[in-house]
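Values below: all heavy atoms of this structure, side chains included; hydrogens, waters and symmetry mates excluded.
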Amino acid sequence: MFGTHSRNSTPEVIGATCVTLMCVAGLALAQRPGPSRSPEDFLRDPPKPASIKGAFTLVAIGDLLYSHPMANSPDREFQKVVELIQRGDVTIGNQEGVFFDLETFKGQGYGNGLLWGEGTLAKDMKAMGVRMVSVANNHSTDWGPEGLLETCRLLDEAGIVHSGGGRTLQEARKAGILVTPKGRVALVSVASTFKPNAGANDATGEVPSRPGVSILRTRKVNLVTGDQMAMIRKLSTALASPLQPAPAPDAQEVTFGEQFYRVSDKPGLRYDMDLYDHAGLLRAVRDAKQEADLVVFTIHAHESPTGLDDDTPEPPDFLVRLFHNAVDAGADVILGGGPHSLRGVEIYKGRPVFYGMGVFFIKGEIKALQETIFRMFPDANGRPPAPKPPERSVRPGGNPASWYDGVVAVTDFDNAKAKTVRLYPLDVGNTYEPSRRGIPHLADAANARRILEALQKDSAQFGTKISIEDSAGVIRIP
């Protein structure tokens, strides 16, 4: 019987049996009809052109990472930002985490840090002028599928269009569509950084569907020289086992210690995208273009060229390829996010590509499970360590200063063609004063210039020119 073995079975026989079963299962899956695993299927033919009517303004903001209502705040400087984002025909942001009424919530929390917001946040965002949000990010399932689905329900109730999460993968991947007087706007959203078991699944055979978010699985590839690979092959051979046999003597790709290595002329780090996920996303963009007059694609991606979740301004290699593919499939605006820091802007085939939108709020409330609170390791003498002084920050060790530089990106269209992008720098309150910290204000002249000069530098690699005019950045699209 599968899952059992006789008392005299050897580990080698058991291992070989498992490998055989896995190979048979893999063969069966490979033969079963399924979705496309070729992104090129959705890039061969040009997409339908954008068709939004007349003068149209799209406002993009960063992460809505907050836990308590802000729309009626007496902070006049904050209200100036609200007035700015209310000027557009549509305002889009990333809803970081979930929100619901804790007293009536029926689900559970998972993980060390549970980002949570009040159940009134959907109506609060609507009052501030937000019309569309992505719900796909690494905090989407902090409270399990119940938290995600309740958040989606509250967004529906408030009249905010959302995408990136749902009861099935088909629902999570499908575009949310907002009807405006000038045309239909579609939003396709995904996360490449996510918690375990966060991905939505469609029903497969006898296995039922699973709620979750639309995910893009990536594989980190360590690029090494030939000499370095020789050492990795030698070590991998020395520690080989029946379940992980030694690599071929001339192997150019080796998996060792849960890390994947590939020979390259230029050492570094790159990411491979899962072909099914990559193709599925491009199909979602292509389908959205058939239903809408303007398509926006968003991703929540903490990956970086260093392999660390840091504030590196350069995007990882796969984002450049994915964003270009998304435009070629039909996206008219691309919004990247995740690391909470700003990244450069590219104009690709006349479409604005924002590699990192940063944050709009960074004022989230973190809840903790009992197992997180009651966790303590001994010091060098085996005793409990001395209590640490209270933190005056969102997280232990403090946040990088770059997390408090934000931007409101306003793209003006004329008969479906993007003509101008205006970047309004935000000072998101890098201070220990609770009433100010994490709340966006329009940056003063000195900070605005500092932020815009950094964006000029980070955008130059894409050939983008940003002029600074009256404390705002301006990109004119020919």
Side-chain angles (χ1 to χ4, degrees), residues 62-67 93-100 102 105-117 121 133-155 162-173 188-202 207-220 258 271 273-274 276-278 280-281 298-304 307-310 316 318-319 322 336-340 359 362 364-373 375 394-396 399 403:
D63 296 330
L64 290 154
L65 205 170
Y66 75 126
S67 297
N94 169 56
Q95 169 48 43
E96 183 92 0
V98 296
F99 47 80
F100 50 81
L102 264 176
F105 182 60
K106 302 300 183 184
Q108 294 83 35
Y110 299 88
N112 290 328
L114 310 175
L115 185 59
W116 167 84
L121 288 190
V133 296
S134 163
V135 297
N137 55 74
N138 58 305
H139 286 288
S140 302
T141 55
D142 283 4
W143 298 86
E146 297 87 355
L148 173 64
L149 294 179
E150 176 63 2
T151 300
C152 292
R153 186 190 71 79
L154 290 169
L155 287 167
H162 56 89
S163 64
R167 293 179 292 269
T168 65
L169 177 58
Q170 184 177 5
E171 187 176 299
R173 195 170 274 169
V188 176
S189 302
V190 67
S192 59
T193 308
F194 46 87
K195 296 283 178 67
N197 300 317
N201 278 251
D202 294 325
V207 179
S209 60
R210 184 180 72 185
V213 297
S214 173
I215 63 172
L216 170 63
R217 292 166 290 183
T218 61
R219 176 174 64 178
K220 188 188 297 183
E258 299 185 356
Y271 295 83
M273 291 181 279
D274 178 272
Y276 283 115
D277 296 347
H278 186 185
L281 288 171
T298 79
I299 189 171
H300 194 84
H302 285 250
E303 291 78 15
S304 76
L308 302 173
D309 184 1
D310 57 17
F318 80 94
L319 280 189
L322 176 65
H340 303 321
V359 299
I362 184 163
E365 183 173 333
I366 302 292
K367 304 291 186 182
L369 291 168
Q370 182 189 52
E371 66 188 37
T372 302
I373 297 171
R375 180 177 58 181
V394 175
R395 66 174 188 175
N399 293 329
W403 287 17

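- Summarising the geometry of Gly166 relative to Ala200, their closest heavy-atom pair is O-CB, 4.4 Å, with the distance given to 0.1 Å.
- Minimum heavy-atom separation, Cys152 to Val135: SG-CG2, 4.3 Å.
- For His302, the ring pair (Phe, Tyr, Trp, His ring centres under 6.0 Å) partners two or more places apart in sequence, or in a different chain, are His300, His340.
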I would like to know whether Asn399 and Ile362 meet side chain to side chain contact (heavy atoms under 4.5 Å, CB included); could you show each step before the answer? CA-CA 10 Å; Asn399 293 329; Ile362 184 163; 4.0 Å; yes
Show your reasoning for whether side chain to side chain contact (heavy atoms under 4.5 Å, CB included) applies to Met273 and Leu281. CA-CA 11 Å; Met273 291 181 279; Leu281 288 171; over 6 Å; no
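- Checked against ring pair (Phe, Tyr, Trp, His ring centres under 6.0 Å), Phe194 has no partners two or more places apart in sequence or in another chain.
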Applying side chain to side chain contact (heavy atoms under 4.5 Å, CB included) to Asp142 and Trp116, what does each step give before you reach the verdict? CA-CA 8 Å; Asp142 283 4; Trp116 167 84; over 6 Å; no
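- The two residues Thr372 and Gly111 have their closest heavy-atom pair at OG1-O, 4.0 Å.
- With sequence neighbours excluded, no residue satisfies ring pair (Phe, Tyr, Trp, His ring centres under 6.0 Å) with His139.
- Under a cut-off of 6.0 angstrom, the local environment of CZ in Arg210 is crowded, with over 12 non-hydrogen atoms contributed by other residues, nucleotides or ligands.
- The shortest distance between side-chain heavy atoms of Leu216 and Leu322 falls below 4.5 Å.
- Among all heavy-atom pairs drawn from Gln170 and Asp202, the shortest one is N-OD1, 2.9 Å.
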Kindly indicate, with the supporting measurements, whether the criterion side chain to side chain contact (heavy atoms under 4.5 Å, CB included) is fulfilled by Trp143 and Glu150. CA-CA 10 Å; Trp143 298 86; Glu150 176 63 2; over 6 Å; no
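- Closest non-hydrogen pair, Ser189 versus Thr298, comes out as OG-OG1, 3.0 Å.
- Listed here is the closest heavy atom pair of Arg173 and Val188: O-CG1, 4.1 Å.
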Could you check Glu303 against Ser192 for side-chain hydrogen bond (donor to acceptor under 3.5 Å, both in side chains), going step by step and ending with a plain yes or no? CA-CA 8 Å; Glu303 291 78 15; Ser192 59; 2.8 Å; yes
